[in-house]
Amino acid sequence: MLWVAVIGLVMTAVAVTLAARRVLFLYNLATAGPPAPERIEYARNNVGAEIKAQLVEVFGQKKLLKWTPSGTAHFFVMWAFFILATVYLEAYGALIQGGVTGRPDFHIPLVGTWPVLGFLQDFIAVAALIGLVAFTVIRIKNSPKKLGRKSRFSGSHLGGAWLVLFMIFNVIWTMFLFRGAAFNTGNLPYASGAFASEAAAALLRPLGATANEVLEGVGLLLHIGVMLVFLVIVVNSKHLHIFTAPLNVMFSRRPDGNGPAQPLRIDGKVVDFEDEDLDGDRLGRGSLKDVSWKGFLDFYTCTECGRCQSQCPAWNTDKPLSPKMLILDQRDHAFKIAPYLMATEEQRADLHEDVLALLEKPLVGEDGVIHPDVLWSCTNCGACVEQCPVDIEHIDHILDMRRYQAMVESNFPTEAGVMVRNLENKGNPWGMSEMKRADWIEELASREDDPIEIQLVDEKMPEDTEYLFWVGCAGALEDRAKKTTKAVAELLHVAGVKFAVLGPMEACSGDPARRLGMEYLFDMLAKQNIETLNEAGVKKIVATCPHCFNTLANEYPQLGGTFEVVHHTQLLARLVDEGRLVPVTPIDEKITYHDPCFLGRHNKVYSQPRDIMAKVPGVRTQEMHRHKDRGFCCGAGGARMWMEERLGKRINTERVDEALTTDPDTISTACPFCLVMLGDSINEKKNAGEAKESLEVVDVSQLLIRSIKGQPAEPPAEPAGTAV
């Protein structure tokens, strides 16, 4: 067996050397960009959360198991890598011991002859084999040749996937070949338990003792050789995620990559727009040399599974944005220009002309790595981040590129410029006077039946108030959204909750500016609002707009504004549970609920709106096919409320088409943007005769106040300000 040991060790040395060179290259490429100190700091300060993430996401495969067939198959194949490591330990032990003593009967100390371990090794190998069959069926069934862009594998590097499936198959059959022969020669450590190896031994036994001795050595070399070739393939392919996924999970944001947009950084430091030495040409991502090591970790970790692509509202409405391809296109280009990214300034002058030619290709542009239509199609809905099984943060990549395009290149959709100017000059996206923010207050106070006086903050919050009601731009200025504002105000009044509003002192939260990429404008608006809130002594805030809610709760703390913020559905659900709001009048309607992205996926508020509707007598709810964490966007997020949708099918039309399949009497939601977008599409459907005239979209608060007061449904409002 000496010849077997020599060949095996030489193969190992060559393969490990090749793999190590590749790993060093990948490390140097990733660390050529700016640092990401906040990622390391969080991981260091939250060890418990990181351990839990590894147990739940890596070992437990929580996200993958959301897709049951493929998730189950992956679960067993992944665990085969862990458990069959013990087989490779035995294989190398047999290799070395056989070379030294001539008898390869090695077993792992203490547990090496335990039948349970032998059974577990064989079981997971057989399960992995079944998993390979499942993967094969899934890939054939979802082949891009058959389904086109409807396939989640569209755009993926398909050849590499088939090669890896073939290599895993080779790992399994070579394992049973050498273990079966070893059983026949008396060298298998397990007298029982290894059921599949024993079955292989039964097939090999008629060949005779000599043949089995030869097959044991050949099988051992094949098994080790396959693994070594597999190792080299993995570090040079998308299956690098086998090693990088645990790292990407470790350094991802918690609880996930949704929620707050991350602060703008240069060289790992948060940008201070008041810094006189600020380099304005380095704002955002203008090239791949601006990508941090965490961004490269995202590139390396993409499995090309296409779950993000399958859930993306832009991709599903025939727009060019695929979150998967956004990552892959950057990764592939980074590999092409790696010599430049890793070179010093002196070395760059001597680079090959092919590399220099590639450098002329802009990161974003008509002929760039990323087409502008890809960048500006994103609604920031978070579906890609929610579904990614390896915690890639697609929105962070998009926002960084948008920031450079918006602030350095001044290159963004023309109609969004009107929104930016309105925010700068009037403090709201529609450009209306700040005094208009109080109109809804006068409307409530001047009602003939049951007028309500709303307290306005005059420098300081009144002492007897519990909440500041953050109305938001849409809630104060858009006629359809104002109905939600008045309904919430009345509900709080009925429940005896003391609250006040800022009125004209309130400015836009800054969400549209930040999601467009105008970080400096967000910074200005946010600091202005934080100063107003702090001076007024605000501690608790209730907001009706999920975009305002997300910004106030999750992003203002980045600038020192820390408040207790709740969405109105959270507060109303609690008031109903406490008996302070009692819906009594039946609403005999079939209602389907649309999950706002910034309330649901970004902040995990799914149950409270549904709980409210469940307490309203007579309401019959019917979920749409895509709901909760797989809900479909209305099309307004990511500042797209103020951008024209020229490509493909309108996202709000797609969502209303889905809603109509439930044959609803009413569509409910909990976001003013969704209210506007869905309402516009419903009106188009009515005009085309494709929806019943009585169909309306309302906020859940409107349903609740109707039931409490016994009011009929209000007639639809004409929009005062609307999306372009």
Side-chain angles (χ1 to χ4, degrees), residues 440-441 444 450 452 454-455 465-472 474-476 480-501 538-550 552-553 563-587 589 591-596 598-600 602-619 621 627-628 631 666-675 696-711 713-714:
W440 69 273
I441 299 174
L444 277 182
D450 192 20
I452 298 175
I454 305 296
Q455 281 191 304
T465 56
E466 183 179 4
Y467 286 96
L468 175 82
F469 180 11
W470 184 274
V471 178
R480 287 168 286 187
K482 279 200 289 186
K483 289 192 171 187
T484 301
T485 301
K486 289 187 279 189
V488 171
E490 190 166 2
L491 287 165
L492 296 179
H493 174 73
V494 170
V497 176
K498 301 296 184 181
F499 68 95
V501 299
V538 173
K539 303 296 182 184
K540 299 168 69 175
I541 300 173
V542 56
T544 53
C545 175
H547 298 263
C548 294
F549 166 59
N550 181 67
L552 294 168
F563 312 98
E564 182 184 333
V565 188
V566 297
H567 188 255
H568 73 281
T569 57
Q570 294 175 302
L571 179 56
L572 295 180
R574 177 163 62 82
L575 294 173
V576 171
D577 286 343
E578 292 173 353
R580 296 168 67 180
L581 291 174
V582 183
V584 290
T585 304
I587 297 178
E589 294 180 5
I591 299 176
T592 190
Y593 175 72
H594 164 79
D595 285 283
F598 276 73
L599 184 63
H602 283 276
N603 286 282
K604 308 299 180 282
V605 178
Y606 297 115
S607 62
Q608 290 90 333
R610 291 173 170 82
D611 291 343
I612 292 171
M613 291 189 295
K615 295 293 178 66
V616 176
V619 166
T621 57
H627 62 279
K628 294 188 177 179
T666 299
I667 300 173
S668 67
T669 188
C671 171
F673 286 12
C674 297
L675 203 68
E696 297 297 339
V697 56
V698 301
D699 189 273
V700 292
S701 62
Q702 294 172 261
L703 294 171
L704 183 58
I705 193 66
R706 279 173 54 194
S707 180
I708 288 174
K709 298 188 68 178
Q711 295 175 331
E714 295 185 57

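Under the rule for a ring pair (Phe, Tyr, Trp, His ring centres under 6.0 Å), Tyr593 has no partner lying at least two apart in sequence or in another chain. Checked against salt bridge (Lys or Arg N to Asp or Glu O under 4.0 Å), Lys604 has the following partners two or more places apart in sequence or in another chain: Asp256, Glu386. Applying the side-chain contact (heavy atoms from CB on, under 4.5 Å) test to Asn603 and every residue at least two apart in sequence or in another chain returns Phe549, Asn550, Asn554, Val605. For the side-chain contact (heavy atoms from CB on, under 4.5 Å) test, residues two or more places apart in sequence or in another chain that qualify with Pro617 are Pro583, Pro586, Ser707. Qualifying salt bridge (Lys or Arg N to Asp or Glu O under 4.0 Å) partners for Asp595, counting only residues two or more places apart in sequence or in other chains: Arg610. In terms of the salt bridge (Lys or Arg N to Asp or Glu O under 4.0 Å) criterion, residue partners of Glu466 (sequence neighbours excluded) are, by chain and number, Lys540.
Using a 4.5 Å heavy-atom cutoff, the side chains of Phe563 and Lys539 are not in contact. Looking at heavy atoms from C-beta onward, Asp450 lies in side-chain contact with Lys709 at the 4.5 angstrom threshold. Counting heavy atoms from C-beta on, the side chains of Ile441 and Val501 come closer than 4.5 Å. At a threshold of 4.5 Å between non-hydrogen side-chain atoms, the residues His568 and Ser701 count as touching. Residues Thr592 and Thr621 form no side-chain contact, since every pair of their non-hydrogen atoms from C-beta on lies 4.5 Å or further apart. Looking only at side-chain heavy atoms (C-beta outward), Trp440 and Val471 come within less than 4.5 Å of each other. Arg706 has its side chain out of reach of Thr585: every pair of non-hydrogen atoms, C-beta onward, lies at least 4.5 Å apart. Leu599 places a side-chain heavy atom less than 4.5 Å from the side chain of Pro609.
Shown are Thr485, Ile454, Val497; of these, the side chain to side chain contact (heavy atoms under 4.5 Å, CB included) with Phe469 is made only by Thr485. A side chain to side chain contact (heavy atoms under 4.5 Å, CB included) with Leu581 is found for exactly one of Ile708, Leu492, Ile705, namely Ile708.
Side-chain contact check for Glu589 and Thr666: at least one donor-acceptor pair (N or O, by modelled atom type) lies under 3.5 Å.
Put simply, the side chain of Glu578 never gets that close to the backbone of Leu575: no donor and acceptor are under 3.5 Å apart.
Of the inter-residue distances, the one linking Phe499 atom CZ with Thr465 atom OG1 reads 10.5 Å to the nearest 0.5 angstrom. In this structure, CD on Glu564 lies 12.5 Å from CG on Leu468, to the nearest 0.5 angstrom. To the nearest 0.5 Å, atoms CG (Leu572) and CG (Asp699) are separated by 8.5 Å. Gln455 contributes atom CD, which lies 7.5 Å from atom NZ of Lys498 (distance to the nearest 0.5 angstrom). Distance check, rounded to the nearest 0.5 Å: CG of Leu552 to SG of Cys545 gives 9.0 Å. Here the CD1 atom belonging to Ile612 is positioned 9.0 Å from the CG atom belonging to Asp577, to the nearest 0.5 angstrom.
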Quiz item: Can Val566 and Ile541 be said to form a side-chain contact (heavy atoms from CB on, under 4.5 Å), step by step?
Solution: CA-CA 6 Å; Val566 297; Ile541 300 173; over 6 Å; no
Quiz item: Can you list the steps and then say if Ser668 with His594 is a side-chain contact (heavy atoms from CB on, under 4.5 Å)?
Solution: CA-CA 6 Å; Ser668 67; His594 164 79; over 6 Å; no
Self-check item: Leu703 vs Val619, side-chain contact (heavy atoms from CB on, under 4.5 Å): CA-CA, chis, key distance, verdict
Solution: CA-CA 9 Å; Leu703 294 171; Val619 166; 5.5 Å; no
Practice problem: Could you give me the CA-CA distance, side-chain angles and deciding distance for Leu704 and Leu491, then say whether side-chain contact (heavy atoms from CB on, under 4.5 Å) is met? | Solution: CA-CA 8 Å; Leu704 183 58; Leu491 287 165; 3.9 Å; yes
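In this structure, Gly475 and Lys482 approach most closely via the heavy-atom pair O-CG, 3.3 Å. Considering all non-hydrogen atoms of both residues, Ala474 and Ala481 come closest at O-CB, 3.2 Å. In terms of heavy-atom proximity, His547 sits nearest to Cys671 at CD2-SG, 4.0 Å. Across Thr484 and Gln702, no two heavy atoms sit closer than the pair OG1-OE1, 3.6 Å.
A salt bridge does not link Lys486 with Glu490: every distance from a Lys NZ or Arg NE/NH1/NH2 to an Asp or Glu carboxylate oxygen is 4.0 Å or more.
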